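Everything on this sheet refers to the single structure shown next.
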There are 2 protein chains.
Amino acid sequence: MRAKKTASHIRQEQIVEAALDIIATEGLHALSIAGIAKRVGIVSSALYRHYNGKEEVLDAVLVFIRKRLMSNVDHVVKETRDPLQRLKRILMRHARMLDENRAIPHVVFSDWIYTGHPERKAKVADIITGYLGIIREIIKEGKNDGTIRPDTDTEAASVMFLGMILPAAVLSNVSEGRFDMVKHAENAWPIFVRCIAKI
Amino acid sequence: MRAKKTASHIRQEQIVEAALDIIATEGLHALSIAGIAKRVGIVSSALYRHYNGKEEVLDAVLVFIRKRLMSNVDHVVKETRDPLQRLKRILMRHARMLDENRAIPHVVFSDWIYTGHPERKAKVADIITGYLGIIREIIKEGKNDGTIRPDTDTEAASVMFLGMILPAAVLSNVSEGRFDMVKHAENAWPIFVRCIAKI
DNA sequence: GTTAATAGTGATTCACTATTCACATTATAG
DNA sequence: CTATAATGTGAATAGTGAATCACTATTAAC
């Protein structure tokens, strides 16, 4: 049966959603135009009315992910001013988000999306370094206001912050979700605090 | 021109080597039978004399990676008995190894190798959890001999240990190698020690 | 040197995927 | 109501990569 005619901006959202869904359940390499179209409920050729090809779909997926990550941070920054509290809440939100949005680690990790596309690789790099930059700023603030030890290597600490969640995502992925990311984040946080907090 | 006839066990090594090479430079998704064969200097159909297909090649690559990882740990365990020293040396070796062997993170991260192959996914899971298990044992020893704080969550700490190197690998990958993994490991270590060491 | 086993080759098949296009249908502005 | 722009459809095309096969060349054992 024929799909109902639907405004392009709606279809665009549906397409990104479907893509994320496929990535989360079957992996990035399983992402096909036909698969996306089927999930949306249209025929593959119809997809080209809304995106000019697979490349554009992937770009849209990246835009979505960046937004999700950044809105995460924005919320927390509004919630509290204390640097350690900010870091903790970002961590916990991040863990929950990756848990619900399993597509994100797939996209960030997979080389599929990179190779032969320097601009796209740069986009992913931007997303990660942008995120890291924010963490770094929070740590700097903490050093200024005396809640974080001044002898902490800011750069290394920010990457280690990522290190609380990133291996957890890999483990959760590899273990068919038997690894509990949120719980790990909860357990890892006090250890991390001990590293950087001024007691 | 015709390739020189070469014993199968030699070709098998060359094939794994070529595969690792391609994965490191172009990513896992770019790994094709034709590509491997070309690099080895034979024609794609000839590859089937040595492996029964792509699956077998990938399995061989996994075996290689597991060996590399484990020999790494074995060396260190022989070098020193002190738990903190062991961890530090494993970390530094690991960083250097990933730096030289860029294919490893690609394989561990990429979903390509997983989806639709539960057994292979399980193998990767085994490699990672095996590695983690060893780290966990070292931490436990440290708790016993008093070099590591007894209130440290062993599980969380071992995953965080991985977290010193894993995000670095992603960053190095995404940034075209502009991120210095070894340097990061050096900077991260004192922070990590502060978390777990009994002062 | 002959022979059997081993390794290499090119052609080909098969399945899968992205993309294009001519045509059909639907929504909506006027 | 109707014209037209937007969206949907199926068929066709082209590219890719894995795998098979009949055949050829080389090696090594006897």
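Hydrogens, waters and symmetry mates are skipped; everything else that's a heavy atom, side chains included, is used. Within every chain, numbering begins at 1; the chains are lettered A, B, ... in the order of the sequence lines, protein sequences first and strands thereafter. A quick note: this is a predicted structure, and the numbers were derived from the prediction, not measured.
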Query raised in the report: Is the count of non-hydrogen atoms from other residues, nucleotides or ligands lying under 6.0 Å from A:Lys54 atom NZ greater than 12?
Result: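 Yes, NZ of A:Lys54 has more than 12 neighbouring heavy atoms, counting only those of other groups under 6.0 Å.
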Requested in this report: Taking atom NZ of A:Lys88 as the centre, report whether more than 12 heavy atoms of other residues, nucleotides or ligands fall under 6.0 Å from it.
Outcome: no
Query raised in the report: Is A:Val61 reachable from A:Met70 through a run of hydrophobic residues whose side-chain heavy atoms are each under 4.5 Å from the next?
Result: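 Yes, A:Met70 connects to A:Val61 through the hydrophobic network.
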NZ/NE/NH1/NH2 to OD/OE distance under 4.0 Å, [X] and [Y]:
| X | Y | result |
| --- | --- | --- |
| A:Glu176 | B:Lys121 | yes |
| A:Glu26 | A:Arg39 | yes |
| A:Lys123 | A:Asp59 | yes |

Query raised in the report: Which pair of non-hydrogen atoms, one from A:Tyr48 and one from A:Ser44, has the smallest distance, and what is that distance?
Result: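 Closest approach of A:Tyr48 to A:Ser44: CD1-O, 3.5 Å.
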Rounded to the Å, how far apart are [X] [atom1] and [N] [atom2]?
| X | N | atom1 | atom2 | answer |
| --- | --- | --- | --- | --- |
| A:Lys54 | C:dA18 | NZ | P | 4 Å |
| B:Tyr48 | C:dA11 | OH | C1' | 15 Å |
| B:Arg2 | C:dT9 | CZ | C1' | 6 Å |

Report task. Go through the side-chain N and O atoms of A:Asp145 and A:Thr147 and say whether any donor and acceptor fall under 3.5 Å apart. Result ->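 Present: a donor and an acceptor within the cut-off.
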Report summary line: The first and last nucleotides of DNA chain D lying within contact of chain A, meaning any atom under 4.0 Å from one of its heavy atoms, run from D:dA5 to D:dG10
Query raised in the report: Which part of the nucleic acid, if any, lies within reach of B:Leu31 when heavy atoms closer than 4.0 Å are counted: base, sugar-phosphate only, or nothing?
Result: sugar-phosphate
Query raised in the report: With sugar-phosphate meaning primed atoms plus P, OP1 and OP2, does A:Ala46 contact a base, only sugar-phosphate, or nothing at under 4.0 Å between heavy atoms?
Result: base
Query raised in the report: When the nearest nucleotide of DNA chain D is assigned to B:Ser45 and to A:Arg11 on a heavy-atom basis, which residue is associated with the more 5' position?
Result: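 Upstream on the strand: A:Arg11.
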Query raised in the report: For DNA chain D, whose closest nucleotide is more 5', that of B:Lys4 or that of B:Gly35?
Result: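 Result: B:Gly35.
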Output a table of nitrogen or oxygen pairs between the protein and nucleotides 3-5 of chain C separated by less than 3.5 Å.
none

Query raised in the report: When the nearest nucleotide of DNA chain C is assigned to A:Ser44 and to A:Arg49 on a heavy-atom basis, which residue is associated with the more 5' position?
Result: A:Ser44
